[in-house]
Every structure is written in structure tokens, then in C-alpha cells.
Amino acid sequence: MTNPVAVPQTTAERPRSWYKRNEIALTPWLFLIPGVLFFLVYVIFPIFQSISISFTEWDGLGQAEPVGLENYRELFDDDAFYTSLRNNIIWLFLYLLAIPAGLFIALFLNQTVFGIRLYKSLFFFPFVISQVVVGLVFSWFYDPTFGLFNEIIGWFGLGPVNVLGDERYVTYGIIAAGIWPQTAYCMILYLTGLNAVDPEQVEAARLDGAKGWRMLWYVIIPQLKPATFIAFVVTIIGALRSFDLISIMTNGGPFGESRVLSFYMFEVALSEYGFRMGYGAAIAVILFLIMMIFITYFLWSMYREERGR
Amino acid sequence: MFPKPIEKSSAGVRTAYKAMLPVALLIWLMPLLAIMVFSVKPGADFTTGNYWGIPSSFNLFENYGKVFFESDMPRYLLNSLLITVPTVIGCMILSAMTGFALGIYRFRSNLWIFFMFVAGNFVPFQILMVPVRDLTLDMGLYNTIAGLVLFHVAFQTGFCTLFMRNFIRALPFPLIEAARVEGVAEWRIFLYVVLPLMKPALAAMAVLIFTFIWNDFFWAIVLTQGVETQPVTAGITSFNAQYRAAYHLMSAGSIVAALPPVLMFFLMQKHFIAGLTLGAVK
């Protein structure tokens with residue numbers, strides 16, 4: 001049945017709907033809801049859940065038993081925890097070498113000879129490969145019986161060294177594998193940065209007699225600041241996230257000497273060594289707090305930038 | 001341009017530079033070249049100790065054939081694809097919306113929501129591990145591709161929002177004002193004004209997310225197990241356990257596992273680098 005009397009629609013007189021009147025205030029929220037909801041459920045709430053789990057003893061199946069600060073007290077006397085923490089600090093400092101190394105390669109490749117584009121892509125190559133494969137590649141590279149590494153140091157009359165089996169070298173060996181793709185990433189950041197360096201400033205500085213190191217230090221590097229900032233962010237986060245390489249190359253060994261916090265947490269909470277979710281969560285909270293120092297700094301930098309606009 | 005363009009140098013320097021390039025590249029990629037050599041060697045070379053000598057025969061097709069037809073590798077590759085593609089699509093949809101909301105509108109909590117996404121994107125995975133695994137178990141999605149995809153979409157939305165929001169901020173705002181003056185509804189502005197302009201950023205982001213998700217290992221081992229669901233990064237360890245000490249096959253398998261993101265990179269190089277270096281220049 002249709003209405004026999006057609007109601008004349010006069011848009012001008014019809015009061016605008018509530019939605020229409022508040023459209024500009026409402027729209028952003030409607031667009032945000034799905035993304036924010038997903039993010040809250042899978043990222044933000046779990047952070048708080050982990051913190052509360054860290055105050056319990058829980059095997060992941062039964063009832064979680066509140067134990068207060070017991071897990072943290074246990075961490076305090078746990079040698080494996082200190083080893084992991086120490087290794088995390090080593091990772092953090094050595095990983096930063098990827099930044100100058102990336103800058104160095106970028107400077108080397110910032111030319112316009114035939115085929116340079118292909119060279120740049122091939123230098124970037126290691127970053128695209130998964131860390132799992134990088135880990136496998138490097139564990140064969142270090143292999144004491146046939147690895148290329150021992151082959152090469154053999155030419156100089158050294159070795160053989162079982163890098164991944166020796167507790168003195170193992171962490172450094174893994175870090176070297178991690179620095180390889182990270183350097184490639186920093187390189188590409190700097191290549192883009194170098195592309196945007198103001199040629200007039202460079203020419204002006206050249207006329208003033210600046211060249212080589214002085215030019216690099218006083219003219220180029222200040223202009224590369226945005227690239228350096230991003231390189232810092234990704235390198236620090238990358239260093240603290242290290243997990244894949246350790247899991248693939250040594251599985252924490254030998255004697256747990258190559259563990260870092262992220263790996264130790266996994267080992268405690270979800271591996272054949274046990275299901276101590278509470279203790280694992282406590283380790284994760286410590287790692288989170290370390291990361292939070294850097295995250296706060298990054299956000300603060302971004303905040304100043306936003307205000308500056 | 002810095003350093004000084006090589007064309008302005010003497011012929012000797014130029015030749016030296018051109019000679020140095022391939023040598024440097026060879027050293028840089030050496031560990032990778034080594035496994036490429038391994039992957040075409042016959043298995044017999046490893047038992048006789050001929051590791052670095054000339055391969056006694058060229059076994060490219062035999063080795064890679066074994067990987068593709070006699071192992072679980074194709075299944076792992078398929079799983080990786082089934083995990084990666086929906087994640088990329090999900091992230092694009094969610095972050096186009098959040099990026100639009102945070103990039104165009106001014107409201108008091110705007111910056112705080114934005115910072116929530118950025119901060120969440122940087123947290124260590126381990127602090128999420130126990131609750132996310134639990135949540136996935138409760139939803140009955142443990143050891144399913146859907147469970148992994150849902151988490152990846154949620155987590156990557158952090159990075160993608162950062163990416164899209166900064167991109168949208170750089171768009172000319174008068175365009176949107178002009179549309180508003182014309183009386184265009186806000187959702188239509190999104191669909192017909194902003195979205196078409198976002199295409200290059202979405203492409204760059206898609207390539208990046210593809211690589212990140214393809215290469216994920218941690219969440220794969222936390223949320224899945226077994227050949228039915230595990231992506232290739234996690235599968236390669238079972239593959240290697242199956243072919244223990246068969247270095248020619250393990251090398252070939254690793255190369256196959258690494259290949260898709262590499263292809264993606266070479267095909268979409270411009271987008272890829274634009275995505276990675278967003279913000280590296282002011």
C-alpha cells in the first residue's frame with residue numbers, strides 16, 4: 001500500500017536532524033570506533049592485564065593465585081634475569097652502531113654512476129628478508145665445521161671459533177646478525193635524507209672552504225636530523241624487540257648465555273620449560289618499563305613537533 | 001650534493017669507485033650468497049666435505065623441486081598468504097578511517113588518541129603475549145588463521161594510523177573546506193575527496209605491512225601450531241628438523257621462504273621506500 005497523499009518535501013523547512021547538526025563533531029568518532037576498539041582490546045587492555053597477572057602465580061589453565069610482589073622478589077635473585085638484562089643492554093648499545101654504519105654506506109652510495117639504483121636496492125636487500133632466514137643464514141655462516149666465517153678467519157691463521165657455542169662470543173655473534181638488516185634500514189633512511197639536503201647550503205659551505213669531515217659534521221648531519229631521529233627510534237625498538245634471531249640461532253644457549261628479556265619471558269611462560277604466566281608477565285613488565293622510557297621520549301619529541309606547527 | 005659527485009673527480013678515482021662497488025656488494029651480501037651456492041649443490045657434496053669447492057653437479061631443479069613437491073613448504077606458503085593478505089586489507093580499511101578522523105578533525109582528545117596508537121605500536125610483544133593468547137583461546141580461535149589475522153590487524157593499526165594520519169595532515173585542507181561549503185556530507189568527503197588522494201600512501205603502507213606480517217615469527221609461534229595454520233617463518237623450523245643436516249635443502253627452503261617479500265620489494269620498490277622513509281625528510 002502506498003500513501004495516496006504525497007507529502008511535499010520542503011528541505012528548507014524540515015528541521016535538520018540531530019546527526020546533521022552535529023555532523024562535524026560526530027564523524028571523527030564514527031570513523032575511530034572500529035580502529036580504537038580493536039586496538040584497545042588487543043593492545044591497550046592486555047598491557048594492564050599483564051601487569052595484573054604479574055602479581056599472581058598462574059599456569060595458564062587453573063585459577064590464578066594472587067601472590068603480591070613475590071614474582072618481582074624472585075626476579076631480584078634470579079641469575080638468568082640478570083644475564084638477560086645485561087644482554088639487553090649490550091644489544092641496545094651495539095645495535096646503535098647500525099646508525100653510523102648506515103650513514104657510511106649511504107654516503108658511499110650517494111653517487112650517480114651507471115647502475116647505482118640497482119646497487120642501492122641490493123644493499124637494502126637484507127632488511128626485506130625475515131629475521132628467521134637471517135638467523136638461519138648467519139648460523140650457517142658461523143658454523144665451526146663449514147661456515148664461511150671460520151673459512152675466512154682461517155686465512156689469517158685464526159680459529160676455528162664456534163661463535164654460537166661459546167658463551168663469550170654468542171651474544172655478539174647474534175647482534176652482528178641483527179645489525180646487518182638494521183644497517184640496511186638506516187642506510188635507506190639516510191639515502192632519502194641526503195637526497196633532500198639543500199644543495200645551495202652545500203655549495204655555500206664549499207665556497208667557505210668546508211669539506212670532508214667538517215662539511216659532514218657541520219653542514220650535512222644537522223640537515224639529516226629527521227632521518228637520524230627515525231633511525232634512533234627504529235633501532236632502539238628493534239634492539240629491545242630482539243627475539244627471532246635468538247630463538248632461531250641459539251634458543252637462548254649455550255647455558256642461557258644469549259637470552260634477552262623478551263626471550264627469557266617466552267621461555268618461562270610458554271615453552272617446554274614451563275608455563276609460569278605470572279613470572280613471565282613480571283619479566284614482560286620490566287621490559288615494558290624499559291621500553292616506556294624510550295616511548296615517552298619519542299612521544300615527547302613528537303608532541304613538541306606538533307605544538308611547533 | 002654530498003659527498004662530492006664522483007663525475008667531478010679524476011678518471012682514476014671514478015674507475016676505482018666503480019670497481020669498489022661490486023666488491024663492497026659482494027662482501028655485504030656474502031652470507032646470503034653462501035646459502036645461494038649451498039642451495040644448488042647436490043647433497044653428496046656435504047657428506048664428502050666439499051663445502052666451498054665447486055659443486056660436483058648443478059642441482060637447482062632437484063633441490064627446489066624437492067622443496068616444492070616433497071615437503072610441507074607449499075602449505076606453509078599458502079598459510080602465510082592467507083594470513084598476510086587479509087591482514088593487509090583489514091589494516092588498510094581501519095587505518096584509512098582512523099587516519100582520516102585524526103588527520104582532518106580537530107577535537108580535544110585528538111592528539112591523545114593518536115599518541116595511544118603510536119605508543120601501543122612500540123610496546124614489547126611480550127607484554128601482550130599472555131592476555132592475547134588467552135583471549136584468542138577464549139574466542140576459540142587458537143591455532144586458526146583468523147585468530148592470528150585479528151591480532152595482526154589490531155596491532156598494525158597502530159603503525160598504520162601513524163602513517164595515514166601524517167599523510168593526511170600534509171594534504172591541502174582547503175580541498176575539504178571547499179567540499180563542506182558545497183554541502184557534501186562528511187562521509188562522502190572521506191569516500192570521494194580524501195580516499196582517492198590517499199592511494200599512494202595506502203599502496204606504500206600495504207607493501208610494508210605485507211613484509212612485516214610475512215616475516216612475523218613471534219606471534220606465529222604463540223598463536224598457532226602445526227602445518228595446518230603455521231606460516232612459513234614458523235614452518236621453516238619444522239622443515240629444517242625434517243631435513244636435518246641436508247644443508248642443500250635447508251638453504252633452498254630458506255630462500256623460498258624469504259622470496260615473496262623480496263619480490264614484493266623489487267616490484268613495488270618506489271612505494272616500499274616511500275613508506276619506510278616517510279618522515280625522514282622535512
Side-chain angles (χ1 to χ4, degrees), chain A residues 23 27-28 31-32 34-35 38-39 42-44 46-47 49-50 53 107 110-111 113 119 121-123 128-133 136-138 140-141 146 148 151 188-189 192-193 196-197 199 202 215 220 226-227 230 237 240-241 243-244 262 265 269 277 280-281 284 287-288 291 295 299 306, chain B residues 1-3 5-6 18 21 25 28-32 34-35 51-52 94-95 97-98 100-101 105 107 111 113 115 117-120 122-124 126-128 130-132 151 153-155 157-158 161 186 211 215 217-218 222 233 236 254 257-258 261-262 265 269 273 276-277 279-282:
Chain A
E23 194 180 6
T27 312
F31 276 89
L32 278 172
F38 252 69
F39 204 70
Y42 270 109
V43 182
I44 304 299
I47 294 173
Q49 284 167 315
S50 271
I53 292 171
L107 289 171
N110 194 30
Q111 295 290 352
V113 297
Y119 275 110
S121 317
L122 288 171
F123 265 91
V128 189
I129 305 168
S130 82
Q131 297 245 313
V132 172
V133 175
L136 288 171
V137 167
F138 267 82
W140 297 332
F141 181 69
F146 63 81
L148 207 49
E151 204 80 12
I188 210 83
L189 287 171
T192 315
V197 162
V202 177
M215 170 82 105
I220 306 298
I230 297 184
I237 299 295
L240 291 174
R241 280 222 175 127
F243 174 89
D244 301 6
S262 63
M265 184 275 169
M277 303 286 177
L287 181 61
F288 174 70
M291 213 91 132
I295 296 174
L299 288 182
E306 290 290 325
Chain B
M1 200 172 154
F2 183 86
I6 204 97
K18 282 178 191 163
L21 274 176
L25 183 67
W28 182 242
L29 293 181
M30 193 162 50
L32 211 58
I35 74 156
Y51 294 115
W52 294 110
L94 286 186
S95 66
M97 288 164 65
T98 51
F100 172 73
Y105 299 90
F107 50 96
L111 204 57
I113 295 178
F115 279 176
F117 280 120
V118 178
F122 288 142
V123 300
Q126 283 70 21
I127 194 127
L128 311 178
V130 175
V132 166
F151 171 77
V153 169
F155 190 81
T157 298
T161 301
E186 296 293 314
T211 313
N215 291 341
F217 173 67
F218 182 75
V222 169
T233 43
I236 189 89
S254 304
V262 170
F265 166 64
Q269 205 180 125
I273 289 174
L276 272 183
T277 54
V281 265
K282 270 278 129 60

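Every heavy atom of this structure was used, including side-chain atoms; hydrogens, water molecules and symmetry mates were not.
- Pairing each heavy atom of B:L94 with each of A:G35, the nearest pair is CD2-N, 3.9 Å.
- Annotation: side-chain hydrogen bond (donor to acceptor under 3.5 Å, both in side chains) contacts of B:T98 (sequence neighbours excluded): B:T161.
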Which is it for A:Y42 and B:L128 under the side chain to side chain contact (heavy atoms under 4.5 Å, CB included) test, yes or no, and what are the steps along the way? CA-CA 8 Å; A:Y42 270 109; B:L128 311 178; over 6 Å; no
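- Of the atoms belonging to A:I53, it is side-chain heavy atoms, and not backbone ones, that fall under 4.5 Å from chain B.
- Using a 4.5 Å cut-off between heavy atoms, A:F123 contacts chain B through both its backbone and its side chain.
- Comparing A:P34, A:S121, A:P199, A:A269 by how many heavy-atom pairs each has under 4.5 Å with chain B, the most go to A:S121.
- When all heavy atoms of B:N215 and A:I129 are compared, the closest pair comes out as ND2-C, 3.8 Å.
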Verdict with reasoning, A:R241 to B:F218, per side chain to side chain contact (heavy atoms under 4.5 Å, CB included): CA-CA 10 Å; A:R241 280 222 175 127; B:F218 182 75; over 6 Å; no
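- If you measure heavy-atom distances from B:I127 to chain A, the contacts under 4.5 Å come from both the backbone and the side chain.
- If you measure heavy-atom distances from A:V132 to chain B, the contacts under 4.5 Å come from the side chain alone.
- With a 4.5 Å cut-off on non-hydrogen atoms, A:I237 touches chain B through its side chain but not through its backbone.
- Heavy atoms closer than 4.5 Å to chain B are found in the side chain of A:F243, but not in its backbone.
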